[in-house]
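Scroll down for the structure; my scribbles are underneath it.
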2 protein chains.
Amino acid sequence: MNPKSGLLEPLESLSMTDRVENILREYFTENAFKPGDALPNELEIAQKLNVSRNVVREALSRLRMLGMVEARPRRGMIMAQPDLLAGIEKVLNPFILSKSNQKDIFELRLILEMGIAEFLFARKTQQDLDELEAIVEKQKTLPVLSKEDEIEFHGKLYDMTGNETFQRFQSLLFPVFEHVFATLTTTADHVAPANPVTHYDLFKILNDGTPEEFRKAMHIHLSVYYNSIRR
Amino acid sequence: MNPKSGLLEPLESLSMTDRVENILREYFTENAFKPGDALPNELEIAQKLNVSRNVVREALSRLRMLGMVEARPRRGMIMAQPDLLAGIEKVLNPFILSKSNQKDIFELRLILEMGIAEFLFARKTQQDLDELEAIVEKQKTLPVLSKEDEIEFHGKLYDMTGNETFQRFQSLLFPVFEHVFATLTTTADHVAPANPVTHYDLFKILNDGTPEEFRKAMHIHLSVYYNSIRR
DNA sequence: CTATTATATTTGTAGGACAAATGAAAAGAT
DNA sequence: ATCTTTTCATTTGTCCTACAAATATAATAG
């Protein structure tokens, strides 16, 4: 934005390990490596790239963490199916995440919550609805809902989307979401809506309503959070 | 599901590097390390944990990749602000992602696209709208929209959410989304809706409509994709 | 008290060593 | 010729040593 903020870049001087990591990923892509394909052994890679085996191992260690390659001790390495969320999972620590990132995650969850309606209606089963009904019936008797109650209800919704990644993704996001909201509520004056939408209301709409009605209701249900977003 | 599929787990025998990585992350969390805090040096960590410096370096190399720690050569290591999406970015390779993960990402983008309405209306500025108008006016003259045109329009929408992570996130997802849809269209019979919603229509609603109208229109706009989702 | 010089520290990189388990090859038995 | 046993080469995981280079600190000189 500010012309001055086009500051002199740190001129990222990549370490050998960084470069080998990049080279390996490019090598895999360009040669269309698929899960199960055998990789050259560590020594061969090191010699071809003219670096020490240490450097190669550090780079491979990173790719192993991401689930991208798998090492079978004494039998060589193969490509593997990476774990989409492994990288994000290790980093979701409110203590070290920037405020900006925390805010982004908070908002991301609100976005997701509004976006799942179509999938819920496309994939709901009677068994899902029965289970969800049991949850909301139980919660109807409670004077106030705990964090666990919230997770139980919304978590069940994510289950019903039938999207495993999404389900896991949101469960990773939730703690950060809670953390952000907890800090927000200390300062922001958040007022409950006049006509709140309860979990039970959402269930009823999901049972015999439309995606549009559901989104509308969900927005009201989340209005406490939506009220906290600003430019 | 199947009782037999409760197969004997691989009994994940963690390597020393895996264990040190976990220990370090726990250590950071439990001691509330914040960005900028100094870390013990490699040798000290190795001695305390009774492992070789190699193992410690491999673990640290992973955390460096995530942006979690930063090593200033010859001055020691400090905590850093991790890059939320660094881990996912390196893994989004359609060649190695599982079909299941690809499908999940495809759906995730549909979810996001529907969920951003509230943020667009809460944060749109006149300048945003002007820029968006320029895009849709240009596209109105085209007989058919290219992939780049799609990216330009939808990318501008993501910009307007004011959520940097979200914006980057979707740009990472887009290539996978395109790849999945390209493979889908070879088999699935996808018919364009009778009354399609164009980018121009979406712009008009964003300009003087409501979030609800926008979501409704966006759903029609994406109906080609939504028609491809099945249980 | 300031300026220069020496020293210690710490990461990045290289290279060597070896255990252990696996698969393949060789040797032996029938 | 076929099957069994033994030997051997391979390869990752782990440990160790070494050193360059740049920084921060301490020591020395002016």
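FYI, side chains are in, hydrogens and waters are out, and symmetry mates aren't considered; it's all heavy atoms of this structure. Reminder, nothing fancy here: chain letters follow the sequence lines and each chain counts from 1.
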Basic-acidic side-chain contact under 4.0 Å: B/Lys156, B/Glu152: no
Rounding to a whole Å, what distance do you find between B/Glu42:CD and C/dT9:C1'? 12 Å
Shortest non-hydrogen pair, B/Ala38 vs B/Phe33, comes out as O-CE2, 3.5 Å
So, is A/Ser52 near the phosphate of C/dT13, with a side-chain N or O under 4.0 Å from OP1 or OP2? no
End-to-end bend of the helix from C/dC1-D/dG30 to C/dT30-D/dA1 (five-pair axes, 10° rounding)? 30°
Are B/Gln167 and B/Asn163 close enough that a side-chain donor and a side-chain acceptor fall under 3.5 Å? no
Candidate nucleotides D/dT11, D/dG13, C/dG12, ranked by approach to the side chain of B/Arg53 - the nearest: C/dG12
Rounded to whole angstroms, how far apart are CD on B/Gln47 and P on C/dT10? 11 Å
Ion pair A/Asp83/A/Arg168, N-O distance below 4.0 Å: yes
Taking OP1 and OP2 of D/dT12, is either one under 4.0 Å from a side-chain nitrogen or oxygen of A/Arg75? no
Among D/dT12, C/dT13, C/dG12, the nucleotide that comes nearest once only the side chain of A/Arg57 is considered: D/dT12
Name every residue in residues 58-72 of chain A that has at least one heavy atom under 4.0 Å from any atom of DNA chain C, in order of residue number, or write none if there are no such residues. none
Have a look at A/Asn41 and say if it touches a base, only the backbone sugar-phosphate, or nothing, with a 4.0 Å heavy-atom cut-off. sugar-phosphate
A/Leu145 side chain reached by A/His199 side chain, heavy atoms, under 4.5 Å: yes
Looking only at heavy atoms, what is the nearest atom pair of A/Val56 and A/Glu42, with distance? CG1-O, 4.1 Å
Between A/Asp18 (CG) and C/dT11 (P), how many Å, whole number? 16 Å
Here the distance between atom C1' of C/dT13 and atom CG of A/Leu49, to the nearest Å, is 14 Å
State whether a side-chain donor-acceptor pair under 3.5 Å links A/Asn54 with A/Glu58. no
What is the distance, to the nearest angstrom, from the CE atom on B/Met16 to the P atom on C/dA19? 17 Å
Students often mix this up, so state it plainly: with edges at 30° and 60°, are the rings of A/Tyr226 and B/Phe119 parallel, tilted or perpendicular? tilted
So does A/Asn54 reach the base of C/dG12 with its side chain, donor to acceptor, closer than 3.5 Å? no
What is the distance, rounded to the nearest whole Å, between atom CG of A/Leu43 and atom C1' of D/dA9? 14 Å
For the pair made of CE in A/Met77 and C1' in C/dT22, what is the distance, rounded to whole Å? 16 Å
Do any side-chain atoms of residues 18-25 of chain B form donor-acceptor pairs under 3.5 angstrom with protein atoms, and if so which ones, sequence neighbours left out?
| residue | atom | partner | partner atom | Å |
| --- | --- | --- | --- | --- |
| B/Asp18 | OD1 | B/Arg62 | NH1 | 2.8 |
| B/Asp18 | OD1 | B/Arg62 | NH2 | 3.2 |
| B/Asp18 | OD2 | B/Ser15 | N | 3.3 |
| B/Asp18 | OD2 | B/Ser15 | OG | 3.1 |
| B/Glu21 | OE1 | B/Arg62 | NH1 | 2.7 |
| B/Glu21 | OE2 | A/Lys90 | NZ | 2.8 |
| B/Glu21 | OE2 | B/Arg25 | NH1 | 2.4 |
| B/Asn22 | ND2 | B/Asp18 | O | 3.4 |

C/dT22 C1' sits how many Å from A/Arg74 CZ, rounded? 8 Å
